[in-house]
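Below is one structure, written out as structure tokens; comments come after it.
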Amino acid sequence: MKYWLMKSEPDAFSIDDLKNSPGGTAPWDGVRNYQARNFMREMSPGDLAFFYHSSCAQPGIVGIMEIIRRTYPDATAFNPADEHYDPKSRPDNPRWYMVDVRYKRALKRLITLSELKQHPELASMQLLRRGNRLSVMPVNMAEWRYILDLERA
DNA sequence: GCCAACGTTGGC
DNA sequence: GCCAACGTTGGC
């Protein structure tokens, strides 16, 4: 089993939006970055991911979700009316993919980006690397456990 | 709204 | 294949 971190702007799709989706499940669509896409392709059902709120007053980790379906073509790329439409992605040769995720739980408290930065144990996290802009990235097991311990602090 | 950092595009 | 211009991300 692998661990991940996935960003979403809460104004667009928040952890509560996921929780309130049918069955607590939703497709993670709209990813339009090759590196993020490639990470999604490494995901397997049963993997766990931190839900991260970005571009908001208090960016940080807000909850945990489970990957429940491996990547399949992102249909929003085929829809000219969709904001993530990409004419270069065609149904017979899809460029963009998505996974399905299921809400597991909210963290007991928000663990902010600024808090994460204060822990040398997390300094090598991909999230904290300079200029990081990836919306989907791996988290190693030591980092995952360390962050869950922070939740209780 | 600003800006640093990075990805993408397209001319050559 | 280089690289300048441009667009996007995302923290602040």
Side-chain angles (χ1 to χ4, degrees), chain A residues 2-21 26-43 47-67 70-101 103-140 142-151 153:
Chain A
K2 298 184 289 298
Y3 300 99
W4 307 94
L5 182 146
M6 301 167 83
K7 297 179 181 175
S8 182
E9 300 186 16
D11 289 346
F13 189 75
S14 71
I15 180 109
D16 285 334
D17 291 330
L18 176 61
K19 184 181 182 180
N20 295 328
S21 297
W28 199 266
D29 60 19
V31 172
R32 296 294 180 269
N33 172 281
Y34 288 106
Q35 207 177 343
R37 181 203 67 181
N38 293 343
F39 281 136
M40 284 204 297
R41 286 185 135 164
E42 296 176 23
M43 292 178 175
D47 286 359
L48 296 177
F50 285 131
F51 196 124
Y52 179 96
H53 280 175
S54 66
S55 292
C56 57
Q58 292 267 49
I61 297 169
V62 293
I64 297 173
M65 55 192 170
E66 180 179 355
I67 310 303
R70 66 175 53 83
T71 46
Y72 61 105
D74 182 345
T76 65
F78 308 141
N79 178 5
D82 194 279
E83 63 173 320
H84 298 296
Y85 175 59
D86 182 355
K88 291 172 187 161
S89 186
R90 322 199 104 266
D92 58 349
N93 187 17
R95 176 176 295 201
W96 303 116
Y97 289 79
M98 59 190 179
V99 293
D100 285 350
V101 298
Y103 174 87
K104 275 190 81 74
R105 67 179 182 88
L107 295 193
K108 295 186 184 72
R109 64 185 187 86
L110 168 69
I111 300 179
T112 64
L113 176 63
S114 69
E115 179 177 354
L116 294 171
K117 285 178 176 171
Q118 290 165 16
H119 294 271
E121 294 88 346
L122 300 176
S124 62
M125 273 189 86
Q126 192 131 3
L127 177 71
L128 303 182
R129 286 184 201 156
R130 198 178 63 126
N132 171 63
R133 285 169 43 192
L134 273 181
S135 63
V136 177
M137 69 193 80
V139 173
N140 71 39
E143 294 159 352
W144 181 272
R145 289 181 174 163
Y146 190 87
I147 290 167
L148 288 183
D149 283 341
L150 280 184
E151 182 187 11

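Naming: A, B, ... by sequence-line order, numbering from 1 per chain.
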Testing A/Thr71, A/Asp74, A/Asp86 one by one against A/Trp96 for a side chain to side chain donor-acceptor pair (under 3.5 Å), which residue passes?
A/Asp86

Please work out whether the ring planes of A/Phe13 and A/Trp28 are parallel, tilted or perpendicular, with thresholds of 30° and 60°.
perpendicular

At under 4.0 Å between heavy atoms, which parts of nucleotides 7-12 of chain C does protein reach? Answer with one letter per nucleotide, 5' to 3': B base, S sugar-phosphate only, - none.
BBBBSS

Taking only residues two or more places apart in sequence, or in another chain, which ones meet A/His84 in a ring-ring contact (aromatic ring centres under 6.0 Å, His included)?
none

For A/Ala75 and A/Met98, work out which heavy atoms get closest and say how close.
N-CE, 4.1 Å

Heavy-atom nearest pair, A/Arg105 first then A/Ile15, reads O-CD1, 4.4 Å

Quick one: is A/Arg130 getting a side-chain N or O under 4.0 Å of the B/dA5 phosphate, OP1 or OP2?
yes

